[in-house]
There are 2 protein chains.
Amino acid sequence: LKESTIQDTSLSQEERELEYIFHPRSVALVGVTSDPANLWGQGFLKGLLDFGYSGQIYPINPKASQILGLKVYPSLSDVPGPVDYVISMIPAPLTPQLIEDCGAKGVKVVHLFTAGFGETGEEEGKRLEAELLAIARRVGVRLIGPNCMGIHYAKSRVTFDMGIPEEAKESGNISFLSQSGANAISLVYMGSFRGFRFNKVVSYGNAIDLNESDFLEHFAADPDTEIIASYIEGIKDGSRFRRALMEAAAVKPVIMLKGGRTVAGVGAVDSHTGALAGSEEIWDVLLKQAGAIRVYSMDELADVLIAFSHLPPLAGRNVGVIGTGGGASVEAADLCESAGLFVPALPPEIRSQFREFTPVAGTSVRNPVDTISMFIPQELSRTIELVAGYARIDFLIFQMELGMSFLQGPGRIIVETAQEVLIETARRIEKPIVMVFRYGGSPQGISLLAESQERCIEAGLPVFPSIERAALAISRFISYHEARNSA
Amino acid sequence: LKESTIQDTSLSQEERELEYIFHPRSVALVGVTSDPANLWGQGFLKGLLDFGYSGQIYPINPKASQILGLKVYPSLSDVPGPVDYVISMIPAPLTPQLIEDCGAKGVKVVHLFTAGFGETGEEEGKRLEAELLAIARRVGVRLIGPNCMGIHYAKSRVTFDMGIPEEAKESGNISFLSQSGANAISLVYMGSFRGFRFNKVVSYGNAIDLNESDFLEHFAADPDTEIIASYIEGIKDGSRFRRALMEAAAVKPVIMLKGGRTVAGVGAVDSHTGALAGSEEIWDVLLKQAGAIRVYSMDELADVLIAFSHLPPLAGRNVGVIGTGGGASVEAADLCESAGLFVPALPPEIRSQFREFTPVAGTSVRNPVDTISMFIPQELSRTIELVAGYARIDFLIFQMELGMSFLQGPGRIIVETAQEVLIETARRIEKPIVMVFRYGGSPQGISLLAESQERCIEAGLPVFPSIERAALAISRFISYHEARNSA
């Protein structure tokens, strides 16, 4: 617990309460299973142990005495010390009594992993939700969920999944509020592998108490959050949310995936978190007015986060594209311009410098630049420098072919050397380089792809799976800065 | 050479000439290098040897006596037997004399791999093209190219790349005309790994003699071609092409990627093959009138080919989606409906059958169906059967999560068993199942992804890298059949 943060008097009561949520001094896991064959039943506990959570951990289960080497308590009231945070894994009908017990114990927040409430569409589930909320208000306990995965916060070493990658244990500048638990976990994993990192992540499910507006307000005020990502299926209080969104997007980029924007999507939202998805038109207007960045899939969300995490604000939309293959160059030009970027032709003075070391036949030095010489290290860095040297170019996309000829032997050495030269050149020049690997899908080539991506991501280069996805994400990133500059 | 095809009197002179192109009895490689360190300089020769081409192969090089174990001839006129097909790898200025020599030798077709002609934008290149064409017409030799990779045709065991995968040596039902050599090779590789196969493939570059209309007409008439794929940057004769396209699309699906549809794309086309890209509006109208299927990237081309290769004509746009995760289900519903599919809710009688074996909490049986029971084999097949059993459903998409918990141990066995059950169930039910693997991008998980894809593709299931790409490709496939049924 960072006492300094908690006692910061510039924070409102609400904000301080949310800081408590992310800094529990002790966690009790109510209903954790003692059966090791239950693959997910020990997930939260394993996650805390694996992460090295430094507070007290109290497994609660009336039928076990020890789980994963920890002493088990039969009930919450049997726990000797104070409990800040409770994870509920017991069946829904037992949760009202649990909240009563939490009140008696002085628990601050209960994360209800437990599902089977309003999202079932059945009356009993909705009644239980109302009952839970009434008890929580009466006894002074806040609720996350039900039907959710709770929080992941590297600074407190708390997480919602067992065996998260080492990279997910690093702190970052993105906070993510997600109505879906799987999306929360999935984005943390994507970040680990693709090179973006999180500050606070919360999966909040049915949101009967703490909801999207609470977390949005908290992330907007949180000094360690620079970028806000969000997956929202429905909202609880339209006018509060609208205000929270306008205020958050005024100070930080807010990137939003709205779940339930089609007839079937709205139906799926209803069975998932019981939320009212709302009209697509209203959402569209609201997000535009607020200046939030809208995305349409988890992949797009990850792509945009890579742009925001890795790129400096760009002066304009002009991209220099370097790669191999005439057809690939034509496609790159078309896909970049379709996404709202420009691919300006290089001027004659730069083209003639290319011709000092690049043969005319089978190459193009127009932009996209398609030269076979990029597999000669000194010509590769000169190629990049020449493109970056054109004043109109704002950033570069390098599409590297990882075809069959590069899998082993001299081909593999060529491609590894090219990547090292590229990374070294990227450090030296002032304009950012974005990587795209063209990969034909061969099972044998997959390891070269994985290794190439890792090498570039470790060196801090943004890597995208296709020109199309790179261009779309970067175009949205530029639009955000254009709107702010013109506002 | 299939004499029966050549002498089929229902074929026109032109068509018979093109059959000759794809059935050469002997190939001479003029300018093949003797330097093994030149990674690509022996590519065509290695390709023919690796494929086991059964005709005569004549390497031509005045400075070598043996290359890769074959006797080398100093010039074409020194070759003892007849030569049907010549691959030119000599510099552009030497090619006019080569065509003269080919005429003297009775060569039928010259594939000019040689580049450095009109695509350079220089006057000398354009002049050379005109000279080549004049000589070719005079001496009765047809030309493919220049600036291209030529042909790949499994039945004749000829190909344009060394070391192609074994799957690319199998014959299929797709023929592909591509103005780009790299796109031609790339699509053949994609087909190998993703499960579609080719009949005839031609990369034809600058198209100074044989052009897009020749190949389109030939593929339209070719009884072994069921699907025509095309990558075109510009056309030589508008009215002939329009007629060829209308006639081809009337008898077979024609899927087209048009390179050069933006300002920068048109510029890139000019430096690539020197073609005039033409107005985007005219192309759009032309393709719509003809009923051709337009795609916007090589990935989309491959996706649509998977749909046409693997799926029977579908009765409608209603998809049953099965997968794990509430957020993923909402996203799947939204992306399917955005792409023009429908995700109809399952009726109460089917939902109640699910409730016999599926718990209410944390699941949805609405469509998308999100149940944890899919990792119990008998419940997995029952889940698929129940969704397929709803009369309104035309086909199924199964999105399988390949998260970290499945990489090894019991998780890996669960996912492998689930795939086997799925393949077995897919054989039994009457509605097609389309696979999408959700993969978080972990380097460790890549092998599970590759193995899962291979297993399903080998079993004949169409596999797509995302719900979005699956939905878009299948929607285009359905649109094609709808248009034909209403015509």
Query - Residue part contacting chain B, namely of A:R261, when any heavy atom lies under 4.5 Å - result: both
Query raised in the report: Checking heavy atoms, do the side chain of B:F117, its backbone, both or neither come under 4.5 Å from chain A?
Result: neither
Query raised in the report: Of all of B:G327, B:A333, B:P368, B:A115, which one pairs up most often with chain A through heavy atoms under 4.5 Å apart?
Result: B:G327
Query - Residue among B:Q453, B:M298, B:E122 with most heavy-atom pairs under 4.5 Å to chain A - result: B:M298
Report task. Given side-chain contact (heavy atoms from CB on, under 4.5 Å), test A:L402 with A:V415 step by step and report yes or no. Result -> CA-CA 8 Å; A:L402 299 180; A:V415 88; 3.7 Å; yes
Report task. Please state whether the side chain, the backbone, both or neither of B:V263 comes within less than 4.5 Å of a heavy atom of chain A. Result -> both
Report summary line: Under 4.5 Å to a heavy atom of chain A? For B:L449 that would be neither
Query raised in the report: Measuring heavy-atom distances to chain A, does B:S271 have an atom under 4.5 Å in its side chain, in its backbone, in both, or in neither?
Result: both
Query - Among B:G259, B:A450, B:G260, residue most engaged with chain A (heavy-atom pairs, under 4.5 Å) - result: B:G260
Query raised in the report: Looking only at heavy atoms, what is the nearest atom pair of B:V343 and A:A264, with distance?
Result: CB-CB, 3.5 Å
Report summary line: Closest non-hydrogen contact found for B:Y231 with B:Y204 is O-OH, 4.0 Å
Query raised in the report: Can you say whether B:A328 sits under 4.5 Å from chain A via the side chain, the backbone, both, or neither, judging by heavy atoms?
Result: backbone
Report summary line: So, the part of B:Q179 with a heavy atom under 4.5 Å from chain A: the answer is neither
Query raised in the report: Under a 4.5 Å heavy-atom cutoff, which of A:P165, A:G205, A:G267 has the most pairs with chain B?
Result: A:G267
Requested in this report: Would you mind telling me which of A:S329, A:G116, A:G325, A:S297 has the largest number of heavy-atom pairs within less than 4.5 Å of chain B?
Outcome: A:S297
Report task. Check each atom of B:E451 against the heavy atoms of chain A and say whether the ones under 4.5 Å are side chain, backbone, both or neither. Result -> neither
Query raised in the report: Between A:N367, A:L335, A:N147, which shows the greatest number of heavy-atom pairs under 4.5 Å with chain B?
Result: A:L335
Report task. Using a strict 4.0 Å threshold on nitrogen-to-oxygen distance, state whether B:R194 and B:D303 make a salt bridge. Result -> yes
Query raised in the report: Tell me, side chain or backbone of B:E300 under 4.5 Å from chain A's heavy atoms, or both, or neither?
Result: side chain
Query - chain B contact via A:L257 - side chain, backbone, both or neither, heavy atoms under 4.5 Å - result: side chain
Query raised in the report: Any idea which of A:S180, A:G265, A:A302, A:S364 has the most non-hydrogen atom pairs under 4.5 angstrom with chain B?
Result: A:G265
**Report entry** Segment of B:T363 engaging chain A (4.5 angstrom heavy-atom cut-off)
**Finding:** backbone
Query raised in the report: Any luck finding a side-chain donor-acceptor pair between B:T262 and A:D334 under 3.5 Å?
Result: yes
